Amino acid sequence: MTYKFLIYISYRYSIPIGEPLEAEICKRGFEVQWFADEPETFTYLKNKNNVLPTIQDAINYKPDIVLTATDMVPDFISGLKVQVFHGFNSHKRPSKKIIDAHFRIRGFFDLYCTQGPSTTQFFKILKEKYKHFEVIETGWSKVDPLFPIEKTNNKIPEILIATTFTPRLSLALNNEVFGQIQILSQTGKYHFTMVMHPKLDEETKNKWKTLQSTNFTFADTVNLIPLFKKSDVLFADTTSVIQEFLLQKKPVVTFNHTQPHNYLIHVSEAKEIEKNINYALTYPQEIIKNIEEYIMELHPYFDGKSSKRIIDATIEFLHADKTYLKSKPLNLIRKYKIRKKLNYFTLKSYNKPFTIAK
């Protein structure tokens, strides 16, 4: 039997999430198309010949399965609606607010393909509460290319810098951090590569680009896996890049992180950055042990086959008996918002999980 998949995204940072899924789908000989609900993202998909340019094209495609790396998805497109997530839970906020962020149920999805036990346990609690979706733990497609883990052999330590876009949390907006990295990049003791969240403003990006030199590289990319592989240490704030990087069992130094996690090396003053980077480069035994314990809950899959598990799970669930699930909620305000965003207004809505008999 053949299947039609739609990879549904918003921003370009979701492209590396979809590409391992696309590769797995094509490997099996199934059909796959892309759609982005943010017009600017199409610029970054121009190298692909399987992109649907309009929402009407996406509707006419009539997908069997919609793999979604967004918070919402049009309820009026056919297909099983599957949440594959646009990031890890970054633990920016106190635990009492967890349900308000990564675990918010918006009423659009039939299936959540979770990344590991730390997300699965919460979604299974929510599944019992709402009763209109299923939860299957698969691992996350984006990190498939990270495996197998490769050891670095750098003559000069490679330090990757990554930032969030939240103004009060972003190290990119801190002048003292900028000044300290400027000084350190001139010492010749380290090589820095910096990536910024695509939503950060151009003025901030241009400011950091002025540091471009033999020992500082500004990388305008959302494909971070090659940068992870070559880096010895990550310097970051609260970005979810932290969780992705930790899967390599490499240390992370954070600046003004909001949570005192024992698997991170915390810095609150710019003048302490160099000392703590040097400490991280020793790969402290206690920190590595804490990282290992943490990632077994975060993403205990190191085989690079999460995309395979996602495709297997979605096909199996597409054919499964779902009569035990309730209809999705009316969700009128969110449904209106997505219609307004796409400038497509219709009363059509798939409120029951999409099913194809074997």
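Computed from a predicted model, the values in this text were never measured in an experiment.
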Exercise for the section: Any chance you could lay out the side chain to side chain contact (heavy atoms under 4.5 Å, CB included) test for E31 and F5, step after step, and finish with the verdict? Expected result: CA-CA 6 Å; E31 188 174 349; F5 287 81; over 6 Å; no
Practice task
In sequence, state the C-alpha distance, the side-chain angles, and the governing distance for I273 and V253, and then conclude on side chain to side chain contact (heavy atoms under 4.5 Å, CB included).
Solution key: CA-CA 8 Å; I273 292 173; V253 178; 5.8 Å; no
Exercise for the section: Determine, step by step, whether F88 and W140 satisfy the ring pair (Phe, Tyr, Trp, His ring centres under 6.0 Å) criterion, reporting the C-alpha distance in whole Å, the side-chain angles of both residues, the deciding distance to 0.1 Å, and the verdict. Expected result: CA-CA 9 Å; F88 282 119; W140 194 31; 4.8 Å; yes
Practice task
Applying salt bridge (charged side-chain N to carboxylate O under 4.0 Å, His left out), run through D201 and K207 and close with a yes or a no.
Solution key: CA-CA 10 Å; D201 62 274; K207 176 181 177 179; over 6 Å; no
Practice task
Please lay out, stage by stage, how S327 and H132 fare under the test side chain to side chain donor-acceptor pair (under 3.5 Å).
Solution key: CA-CA 6 Å; S327 295; H132 61 76; over 6 Å; no
Handout entry: Check against side chain to side chain contact (heavy atoms under 4.5 Å, CB included), T355 and L318
Key = CA-CA 5 Å; T355 301; L318 177 67; 5.9 Å; no
Practice task
Go through the steps to decide whether Y279 and E274 satisfy the test side chain to side chain donor-acceptor pair (under 3.5 Å), and finish with yes or no.
Solution key: CA-CA 9 Å; Y279 174 59; E274 181 176 19; over 6 Å; no
Exercise for the section: Under the ring pair (Phe, Tyr, Trp, His ring centres under 6.0 Å) rule, what do F123 and Y112 come out as? Steps first, then yes or no, please. Expected result: CA-CA 8 Å; F123 277 107; Y112 287 82; 4.7 Å; yes
Exercise for the section: List the steps and the verdict of side chain to side chain donor-acceptor pair (under 3.5 Å) for T239 and D237. Expected result: CA-CA 6 Å; T239 172; D237 36 45; 5.1 Å; no
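The pair E292-K289 does not count as a salt bridge, with every side-chain nitrogen at least 4.0 angstrom from each carboxylate oxygen. For the pair K341 and D37, the salt-bridge criterion is met [side-chain N within less than 4.0 Å of a carboxylate O]. A salt bridge does not link K142 to E19: none of the charged nitrogens lies less than 4.0 Å from a carboxylate oxygen. Salt-bridge annotation for E22 and K48: present, with a side-chain N of the basic residue lying under 4.0 Å from a carboxylate O of the acidic one.
Y283 OH: more than 12 foreign heavy atoms inside a 6.0 Å radius. When the shell of 6.0 Å around CG of N153 is examined, it contains 12 or fewer heavy atoms from other residues, nucleotides or ligands. In this structure, E176 places its CD atom where only 12 or fewer heavy-atom neighbours from other residues, nucleotides or ligands lie under 6.0 Å away. Around the NZ atom of K308, the shell of radius 6.0 Å holds no more than 12 heavy atoms that belong to other residues, nucleotides or ligands. Within a 6.0 Å sphere centred on NZ of K27, other residues, nucleotides and ligands contribute 12 heavy atoms or fewer. Counting heavy atoms of neighbouring residues, nucleotides and ligands inside a 6.0 Å radius, atom NZ of K305 does not exceed 12 of them. For NZ of K199, the number of neighbouring non-hydrogen atoms (other residues, nucleotides, ligands) closer than 6.0 Å is greater than 12. Crowding of K326 atom NZ: a count of heavy atoms from other residues, nucleotides or ligands under 6.0 Å not exceeding 12.
Remark: K4 is positioned above the aromatic ring of Y61, its terminal NZ or CZ atom under 6.0 angstrom from the ring centre and at most 45 degrees off the axis.
Follow the hydrophobic side-chain contacts under 4.5 Å out from M1 and you reach F30 in the same cluster. Under a hydrophobic clustering in which Ile, Leu, Val, Met, Phe, Trp and Tyr are joined whenever their side-chain heavy atoms come within less than 4.5 Å, directly or via other members, V222 and M194 fall into different clusters. By the criterion of side-chain heavy atoms lying less than 4.5 angstrom apart, applied directly or through intervening Ile, Leu, Val, Met, Phe, Trp or Tyr residues, F147 is grouped together with L227 in one hydrophobic cluster.
Looking at Y190 and N154, their side chains never bring a donor and an acceptor atom within 3.5 Å of each other. Judged by distance alone, the side chains of N223 and T221 never bring a donor and an acceptor atom under 3.5 Å apart. T254 and H266 are linked by a side-chain donor-acceptor pair at a separation below 3.5 angstrom, with hydrogens and angles left out of the test.
Once rounded to the nearest 0.5 Å, the distance linking NZ of K348 with CD1 of I59 reads 10.5 Å. With values rounded to the nearest 0.5 angstrom, L52 atom CG is found 6.5 Å from L6 atom CG. Taking NZ of K335 as the start and CD1 of I338 as the end, the distance is 11.0 Å to the nearest 0.5 Å. How far OG1 of T119 is from CD of Q121: 8.5 Å, rounded to the nearest 0.5 Å. The distance from the CG atom of N89 to the OG atom of S118 is 7.0 Å, given to the nearest 0.5 Å. The CG atom of N215 sits 5.5 Å away from the CD1 atom of I156 when rounded to the nearest 0.5 Å.
Taking 4.5 Å as the limit, every side-chain heavy atom of I242 sits out of range of all side-chain heavy atoms of H261. The shortest side-chain heavy-atom distance between N256 and L169 does not fall under the 4.5 Å cut-off. F35 is not listed as a side-chain neighbour of I9, based on a closest heavy-atom distance of 4.5 Å or more. You'll find the side chain of D144 stays beyond 4.5 Å of the side chain of D303, heavy atoms only. A heavy-atom distance below 4.5 Å is not found between the side chains of D110 and V82. L246 places a side-chain heavy atom less than 4.5 Å from the side chain of L264. Using a 4.5 Å heavy-atom threshold, the side chains of T41 and S10 count as separate.
Every residue meeting the salt bridge (Lys or Arg N to Asp or Glu O under 4.0 Å) condition with E272, not counting sequence neighbours, appears here in chain and number order: K275.
Between L111 and V135 the shortest heavy-atom distance is CD1-N, 4.2 Å.
Among E297, E137, Q115, the one residue that satisfies the side-chain hydrogen bond (donor to acceptor under 3.5 Å, both in side chains) test with T120 is E137. A salt bridge (charged side-chain N to carboxylate O under 4.0 Å, His left out) with D75 holds for exactly one of R334, K81, R339; it is R339.
In this structure, Y294 has its ring center under 6.0 Å from that of Y263. In summary, the aromatic rings of Y13 and H197 are positioned with their centroids under 6.0 Å apart. Between F178 and F255, the ring center distance fails the sub-6.0 Å criterion. Checked against the 6.0 Å centroid threshold, F76 and Y350 do not count as a close aromatic pair. Aromatic rings from Y3 and H319 are positioned such that their centres are separated by under 6.0 Å.
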